[in-house]
Protein chains: 2
Amino acid sequence: MELAAAKLKFIEAWGKLGSEWGINRTMAQVHALLLISPEALTTEEIMETLSISRGNANMTLRDLIGWGLIEKQHKAGERKEYFFADKDVWNIARQVAKERKKRELEPVLKVLNELSTVTGDEKDPEFKTFKKSVTDINKLAINVDKTLETMLKAEESWFWGSVLKVFK
Amino acid sequence: MELAAAKLKFIEAWGKLGSEWGINRTMAQVHALLLISPEALTTEEIMETLSISRGNANMTLRDLIGWGLIEKQHKAGERKEYFFADKDVWNIARQVAKERKKRELEPVLKVLNELSTVTGDEKDPEFKTFKKSVTDINKLAINVDKTLETMLKAEESWFWGSVLKVFK
DNA sequence: TTAAACTTTCAAAAATTATTGAAAGTTTAT
DNA sequence: ATAAACTTTCAATAATTTTTGAAAGTTTAA
């Protein structure tokens, strides 16, 4: 496979994966583009390569910065802003995990906590079933939270070393 | 908090979580409803409780069956179909992991594999950067795949016991 | 059969989400 | 100050996803 074709395929695949994971396609594609680019790129270059509008490019870049996946770079003597992506895949994974934990897991844990204070008749099957589901989900969510917490602090080699050794 | 209010809140929260994870809101809500229901419910009851149309209810229930999250039940002497959800949260997590692995991770692994066959000039920064990103992502994806594979086979207590012990 | 009870389909409509692009805003150099 | 270079905003539009509901399909009982 040729490099040019491979790049397109990678951008497409990353975009699809993103959209399956609640990250919009364009955002994932811009990220993909910067990820495989050895040099920081300008808004202009990104707009052209991906055929997207200026407004879209601007908002997407802003979101990616918000996710901690890319950064702005200023070149001496130039007005333009350049953007580049962190190339360390483990950092990327951590960053995504961190953001999703904050945006999604934590609110859910909060609600589950509230819900576990529900009162009712212990003999009522409706009550018992509700309570059990909420409690069980809460336990699972707490375990997931703890695991993510560890991952956020861990070095990649240590993390996979440990996990895969256990699962041998 | 009252049981009735808590149920609504749970259905809402589960629906929101679902939509953040690429599962549509209605599907997640129907799942939530069945999860906290001690009895199997009919399409009619689900339609009413969640104020959704017959067509929507039917398709959603079919999808949930496809995900392995709910099952049909037939009651003796009745024409109607009843639906109930597996209440074991670990099974649910495994089932979701299994489906997403199949639908999302495996296609990505396939593409990454293809992309790692790309040819080019080892001195070209474009090529080097591309190759490194693809290779690194591939390694990460393989580790995720292995971990999921283990999870799919594991008992809940063993799984968390091992993972959390490592992360102590 | 036939008709009632129930399920499925799917084209059209509604709702949601993403994108555009032109105008407004900002910064820098002169 | 002014103008050029660049960035941001946001109302309008487009694209995508979800939902509806009525019609078609299926199963069962008599």
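Quick note on labels: first sequence line is chain A, next is B, and so on, each numbered from 1. Bear in mind that the values here come from a model prediction, so they are computed numbers and not experimental data.
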Exercise for review: Report yes or no: do A:Glu45 and A:Thr42 form a side-chain donor-acceptor pair below 3.5 Å?
Suggested key: yes
**Study point:** Length of the CD-P vector between A:Glu20 and D:dT16, whole Å
**Key:** 16 Å
Check your understanding: Quick one: salt bridge (Lys or Arg N to Asp or Glu O under 4.0 Å) partners of B:Lys123, sequence neighbours excluded?
Key -> none
Review point. Is it true that a side-chain atom of A:Ser19 and a backbone atom of A:Lys16 form a donor plus acceptor pair closer than 3.5 Å?
Key: yes
Check your understanding: Quick one: B:Leu50 CG to D:dT20 C1', roughly how many Å, whole number?
Key -> 15 Å
Check your understanding: Do NZ/NE/NH1/NH2 and the carboxylate oxygens of B:Glu122 and B:Lys131 come within less than 4.0 Å?
Key -> no
Contacts under 3.5 Å, N or O only, protein and nucleotides 15-22 of chain C:
from, atom 1, to, atom 2, distance (Å)
C:dT19, OP1, A:Thr26, OG1, 2.5
C:dT19, OP2, A:Thr26, OG1, 3.1
C:dT20, OP2, A:Ser53, N, 2.7
C:dT20, OP2, A:Ser53, OG, 3.0
C:dT20, OP2, A:Asn56, ND2, 3.2

Study note, to complete from the structure: Atom NZ of B:Lys80 and atom P of D:dT27 are separated, to the nearest Å, by 19 Å
Check your understanding: For A:Arg25, which residues count as a salt bridge (Lys or Arg N to Asp or Glu O under 4.0 Å) partner, sequence neighbours excluded?
Key -> none
Check your understanding: Starting at CD of A:Glu44 and ending at P of D:dA5, how long is that distance when rounded to a whole Å?
Key -> 12 Å
Exercise for review: Check the distance between D:dT19's P and B:Leu61's CG and give it to me in whole angstrom.
Suggested key: 13 Å
Review point. What residue among A:Arg79, A:Lys80, A:Arg54 forms salt bridge (Lys or Arg N to Asp or Glu O under 4.0 Å) with A:Glu44?
Key: A:Arg54
Review point. Expressed in angstrom and rounded to an integer, what is the separation of A:Asp63 atom CG from D:dT7 atom P?
Key: 17 Å
**Study point:** Distance below 4.0 Å between B:Asn58 side-chain N/O and C:dT8 OP1 or OP2
**Key:** yes
Review point. Does anything in residues 71-79 of chain A reach DNA chain C, meaning a heavy atom under 4.0 Å, and if so which residues?
Key: A:Arg79
Practice item. Please report, rounded to the nearest Å, how far the C1' atom of D:dT18 is from the CE atom of B:Met47. Key: 16 Å
Exercise for review: Kindly say whether A:Met47 contributes a backbone atom to a donor-acceptor pair with the side chain of A:Ser51 at under 3.5 angstrom?
Suggested key: no
Check your understanding: Taking only residues two or more places apart in sequence or in another chain, which ones pass salt bridge (Lys or Arg N to Asp or Glu O under 4.0 Å) with B:Glu12?
Key -> none
Point to revise | With A:Glu71 via salt bridge (Lys or Arg N to Asp or Glu O under 4.0 Å) - residues at least two apart | key: none
